[in-house]
> 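Before we start, here is the structure in question, set down as structure tokens.
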Amino acid sequence: MQSRKVIVVGAGNAALCAALAAREQGAEVLVLERAPKPLRGGNTAFTAGAMRVAYDGVEDLRRLMPDLTDEEIARTDFGAYPAESFLDDLARVTEYRTDPDLAALLVEQSMPTLRWMAGKGVRFVPIYGRQAFKVDGRFTFWGGLTVEASGGGPGLVEALTRAAEREGVRVEYGARAVSLLHDSGGVHGVTIRQNGQIRDERADAVVLASGGFQANTEMRTKYLGPAWDLAKVRGTKFNTGDGIRMALEAGASPVGNWSGCHAVGWELNAPEFGDLSVGDHFQKHSYPWGIMVNADGRRFVDEGADFRNYTYAKYGRRILEQPGHFAWQVFDQQVSHLLRDEYRIRQVTKVTAPTLEELARKLDGVDVEGFLAELAAYNAAVGTDTPFNPNVRDGRRTHGLTVDKTNWANRIEQGPFEAYAVTCGITFTFGGVRINTGAEVLDTDLSPIPGLYAAGELVGGIFYFNYPGGSGLTNGSVFGRIAGTGAGAHGA
Ligand SMILES: Cc1cc2nc3c(=O)[nH]c(=O)nc-3n(C[C@H](O)[C@H](O)[C@H](O)COP(=O)(O)OP(=O)(O)OC[C@H]3O[C@@H](n4cnc5c(N)ncnc54)[C@H](O)[C@@H]3O)c2cc1C
């Protein structure tokens, strides 16, 4: 009997999970990756590999990370992140718009899927560096994010690619899917452009996992709105919305937050697209410990509204909205030791000064008087009764400002002072194609398009306005696995 054939479009996390799951169904699997091999891995390769996963306690983590030692467990408070908390976070940050069925599946399948990946050779480790602070000799994890793939994004891509190759998946690089072969009976393959040649490749089912449209300036401006043409792209230049366009041409229903995206504070002078040698280090995510000011010298967000995991993905948009589309993050010596490793890279726009007056003159593009007046008002408004504690929402706040800082507020008073210039870096777009809980793509009558599945960034309906850090990879893995399982069994 001839085996069924599945084509997977893309070779990032969602695609490789789909390919592995389709192989488990006994299908022949061809992965098409538009990037040349040295640039493989999509946005996945740019990540730190942080993955949000529900767990009820350290024993769940020990099953996922068998290398975890008794000594590590003794010196760490891993807490718990039960499914209800994950679902609550997802619902809260998306302002209750997340698709309830897809969200529930994402949460419920997070741990089983990560364990399945571990079984394929992905090693997971605790994120000590970025998600835990040492207090009284013990590391304490905060913000629901505890686990990362060993070797970060590149390590994850390497482990998944190795597993795919070991299990007989064929991966072709420099192979761009340009359209779907489809008729009234559904999808039957893809048209590919490779080495300047166009060819058709037929299959029983196709999984689209080729990312969002963030690297497409025209689509970005068209759907996200004015000024989004000026945002920097944090990751791969290859996610230009091809999969979304192909699916819509085949009759797929668009869904979700098409005017929304994940976007962060990003090095002002970063290149147009991500640079794999820098990875995610252009990001500047320690603003909860300081303040951010715009060209008028004014603060414009509550830097301490929540743990950075729940604010960073929406603050990029707020920076883009400022005059000149930039901001400066300002810190003093009381908190400079808390700054993440990304503040210590070479490619950083940084100024330092012993006094605030001297710092003000060095903040390129910022109104000096406006900044000094803002600082004075901010410092005067900080309440110091509540102790500062970076591991919890400490409630140490300002009072009476137009924009209060509601946690982790310290006076900015101990020089030397440091400031870092940021602009908006877009990570991925939220709008995409509609799927059901079987990761089948639905048409505009909301019926499945036979033979078409989708996973990862190009799926809409899960993230709106904001995003709980570490959910992107988990989303790709969970729905990639479901899509691949469905595609591999399609027509059997
Ligand atoms: C700097 C940065 C840091 C991040 N950090 C994290 C993190 O720590 N944790 C987290 O959960 N998320 C993180 N994210 C988000 C995360 O990267 C994405 O949510 C996730 O990787 C998306 O996976 P994916 O498989 O859908 O897309 P991708 O990994 O981008 O894969 C899509 C692939 O499709 C290919 N492709 C595109 N068009 C075509 C075509 N026409 N034909 C063939 N192939 C095509 C692309 O080349 C790409 O390889 C980060 C993103 C960035 C940019």
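In listed order, ligands and their atoms are each counted from 1.
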> Can you list the ligand 1 atoms lying under 4.0 Å from a non-hydrogen atom of Gly470?
9 (N), 10 (C), 11 (O)
> Give me the residue, atom name and distance of the protein heavy atom closest to atom 44 (N) of ligand 1.
Arg34 N, 3.1 Å
> Tell me which part of Ala45 gets within contact of ligand 1: side chain, backbone, both or neither, using heavy atoms under 4.0 Å.
neither
> With side-chain hydrogen bond (donor to acceptor under 3.5 Å, both in side chains) as the test, would you mind laying out the steps for Asn269 and Thr349 before giving the verdict?
CA-CA 7 Å; Asn269 293 304; Thr349 307; 2.9 Å; yes
> Looking at atom 17 (O) of ligand 1, what's its closest protein heavy atom, distance included?
Thr47 CG2, 3.0 Å
> Among all protein heavy atoms in this structure, tell me which lies nearest to atom 29 (O) of ligand 1, with the distance rounded to 0.1 Å.
Thr44 OG1, 2.5 Å
> Could you tell me the residue and atom name of the protein heavy atom closest to atom 31 (O) of ligand 1, and the distance to it rounded to 0.1 Å?
Gly12 CA, 3.5 Å
> Identify the protein heavy atom lying closest to atom 12 (N) of ligand 1, giving its residue, its atom name and the separation to 0.1 Å.
Tyr467 OH, 3.5 Å
> Would you mind listing which atoms of ligand 1 come within a distance below 4.0 Å of any non-hydrogen atom of Ala209?
32 (C), 33 (C), 34 (O)
> Going by the atom numbers of ligand 1, which of them fall below 4.0 Å from some non-hydrogen atom of Thr427?
50 (C), 51 (C), 52 (C), 53 (C)
> Is a side-chain donor-acceptor pair under 3.5 Å present for Tyr312 with Gln283?
no
> More than 12 non-hydrogen atoms from neighbouring residues, nucleotides or ligands closer than 6.0 Å to CZ on Arg393, yes or no?
yes
> What residue and atom, counting heavy atoms only, is the protein's closest point to atom 49 (O) of ligand 1, and at what distance?
Glu33 OE1, 2.6 Å
> Side-chain donor-acceptor pair under 3.5 Å between Gln194 and Glu172, yes or no?
yes
> If we only count N/O pairs under 3.5 Å, is Gly211 in contact with ligand 1?
no
> Can you tell me the protein heavy atom closest to atom 9 (N) of ligand 1 and the distance?
Ala50 O, 2.8 Å
> Against ligand 1, does Gly456 come closer than 4.0 Å with any heavy atom?
yes
